[in-house]
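Below: one structure, written as structure tokens.
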Amino acid sequence: MTFQPTGSAALSHAVRDGALTLTLSGELDLGAEREVRAWIGEHAAAHGGPVVLDLRGVAFADSAGLRALINADAAARQDGWSLRIVIADGQLRQTLAVSGLDGMLPVYVEPE
Amino acid sequence: MTFQPTGSAALSHAVRDGALTLTLSGELDLGAEREVRAWIGEHAAAHGGPVVLDLRGVAFADSAGLRALINADAAARQDGWSLRIVIADGQLRQTLAVSGLDGMLPVYVEPE
Amino acid sequence: MAPEPGRWTVAATPDQVAVLRRAVCEYARGAGITDGRLGDVRLAVSEAVTNAVLHAYRDRDPGEVRVHATVEADGCLAVIVEDDGFGPLPRPDSPGLGLGLPTIASVADAVELTAGTAAGARLSMRFVTGG
Amino acid sequence: MAPEPGRWTVAATPDQVAVLRRAVCEYARGAGITDGRLGDVRLAVSEAVTNAVLHAYRDRDPGEVRVHATVEADGCLAVIVEDDGFGPLPRPDSPGLGLGLPTIASVADAVELTAGTAAGARLSMRFVTGG
Ligand SMILES: Nc1ncnc2c1ncn2[C@@H]1O[C@H](COP(=O)(O)OP(=O)(O)O)[C@@H](O)[C@H]1O
Ligand SMILES: Nc1ncnc2c1ncn2[C@@H]1O[C@H](COP(=O)(O)OP(=O)(O)O)[C@@H](O)[C@H]1O
């Protein structure tokens, strides 16, 4: 199932081996952040179990976009579901490193 | 009782009509902040009742100094004592206004 | 042969961040910027426009964001993001992470924040293109 | 008749914020700055040096903070605060309120943040003295 929000990110979700995989591609910025945040919150709450946030298709993220990730991490801690953020070795990885957030989020680098 | 910390702020305290008055003068900056913060926390906790923070003698404060005020306000809310921050119409008032913190703290302007 | 300066004016709304980011990147590409530097420009412009959208008008109706890009005599790319809002004012209740300005400073070669020409804030960024 | 530039070098420790604030204010007073403007210089220098103390060296041993003040040909007061730290890098775990840079921008007429000459950060502030 794919959902195209008003912004420039595309979202889809699927359950594999009991884990909910939320796949996001496109550009994660202020125009997409609010919708992405709500979408992650909704699906994660409905699922209740482990969540994988697959961001390998995210071509661009800025600090407004990173807020959606911080928010997902906070929600996971608060509501007690496990979170795994999977990224490629690209712009998002660099931006996370520049921001200093890479050490504060459960980020895993995997090839696309 | 007056206590002169390593920084450039001078601290004294007295109980009047059941309210603890903590009087601070001098310069409230990074060099003073940690000590001032600890001093406020200690006296307020020992007193338990309403606290007046008299800052009319503070000649200068910057955003590191304002942190001590935010911290006192947070401690008051958490531990349930009432706080009143009294300032003069000078640099501290201006800095609070520039920072946008004036509307977020229980600040009262009174003549010296 | 430097291109003509680029100028864009949009409403200070979240969807316009992507619009300006793409416009300036296209300009920078046309000016022959390297791929490495292009990523820095993209991120810095995105952060600067985001700040104008988030902070310039706050509870007011969103006004304009104006962007100006130009290649200077020494080959540097200069990008200016300007709004007509409150001016650069601290904001303890900022919805942001406080990462915008330091992120811009870390990817641009210089960033200058001043009051706008009439009102508002004016953020100037320079990128050495070395080409 | 502008005074000679002032230069100060101190260790990046909290007690030195007051030392540099006073040194630059005395310099500015000697340069004939008005009382109104002096308050802006005092606050901006305090914030800038605080940032160098808090952020430049983080978990490292504190290095130097260097301050340079000068009166420019047009009468503006220029103050530069420089360190040898990490350079201007975002910091999501900042102990600060995120008010330093916008406070400087709101009291100075211009503020520029760049990488330092060797390493670290370099913050330049200009104050129109109108005198
Ligand atoms: N265009 C602007 N207009 C008014 N204030 C601004 C503007 N840009 C930045 N600021 C101020 O600077 C502060 C720091 O900005 P930034 O580093 O991007 O962090 P954040 O946006 O996450 O708060 C903001 O909180 C705001 O107070
Ligand atoms: N001298 C410096 N060296 C390295 N980073 C800096 C320096 N000054 C500022 N920064 C970065 O800019 C950010 C914003 O600074 P500021 O607006 O003063 O807010 P705060 O100090 O409260 O975090 C800091 O959190 C830090 O990441």
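What you see is a predicted model, and the numbers here were worked out from it, not measured in a lab.
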Examine whether an atom of C/Val53 lies under 4.5 Å from a heavy atom of chain A, and if so say whether it belongs to the side chain, the backbone or both; otherwise answer neither.
side chain

Neighbour count >12 (heavy atoms, 6.0 Å) for atom CZ, C/Arg7:
no

Give a yes or no on this: more than 12 heavy atoms of other residues, nucleotides or ligands lie within 6.0 Å of atom CZ of C/Arg60.
yes

NZ/NE/NH1/NH2 to OD/OE distance under 4.0 Å, A/Glu27 and C/Arg22:
yes

Within a reach of under 6.0 Å around CG of C/Asp35, are more than 12 heavy atoms found that belong to other residues, nucleotides or ligands?
no

CG on A/Leu101 to CG on C/Leu97, rounded to 0.5 Å:
6.5 Å

Applying a strict 4.5 Å limit to non-hydrogen atoms, the region of C/Ser106 in contact with chain A is side chain

Is it the case that over 12 heavy atoms from other parts of the model lie below 6.0 angstrom from the CG atom of C/Asp74?
yes

Evaluate whether atom CD of C/Glu72 has more than 12 neighbouring non-hydrogen atoms of other residues, nucleotides or ligands under 6.0 angstrom away.
yes

Hey, are the side chains of C/Val49 and A/Leu30 touching, using non-hydrogen atoms and a 4.5 Å cut-off?
no

When rounded to the nearest 0.5 Å, the distance separating CG of A/Leu66 from CG of C/Leu99 is 7.5 Å

When you look at C/Thr50 and A/Asp29, which way does the side chain to side chain contact (heavy atoms under 4.5 Å, CB included) test go after all the steps?
CA-CA 8 Å; C/Thr50 295; A/Asp29 66 2; 5.8 Å; no

Can you tell if the side chain of C/Pro95 reaches within under 4.5 Å of the side chain of A/Arg67, non-hydrogen atoms only?
yes

Residues of residues 87-98 of chain A near chain C, each having a heavy atom less than 4.5 Å away
A/Gln91, A/Thr95, A/Val98

Can you tell me if C/Arg42 uses its side chain to pair, donor with acceptor, with the backbone of A/Phe60 under 3.5 Å?
no

More than 12 heavy atoms from other groups under 6.0 Å of CD on C/Glu4
no

Heavy atoms from other residues, nucleotides or ligands near CZ of A/Arg34 exceed 12 (cutoff 6.0 Å):
no

Nearest 0.5 Å please: distance from the OG atom of A/Ser63 over to the CD1 atom of C/Ile104.
8.5 Å

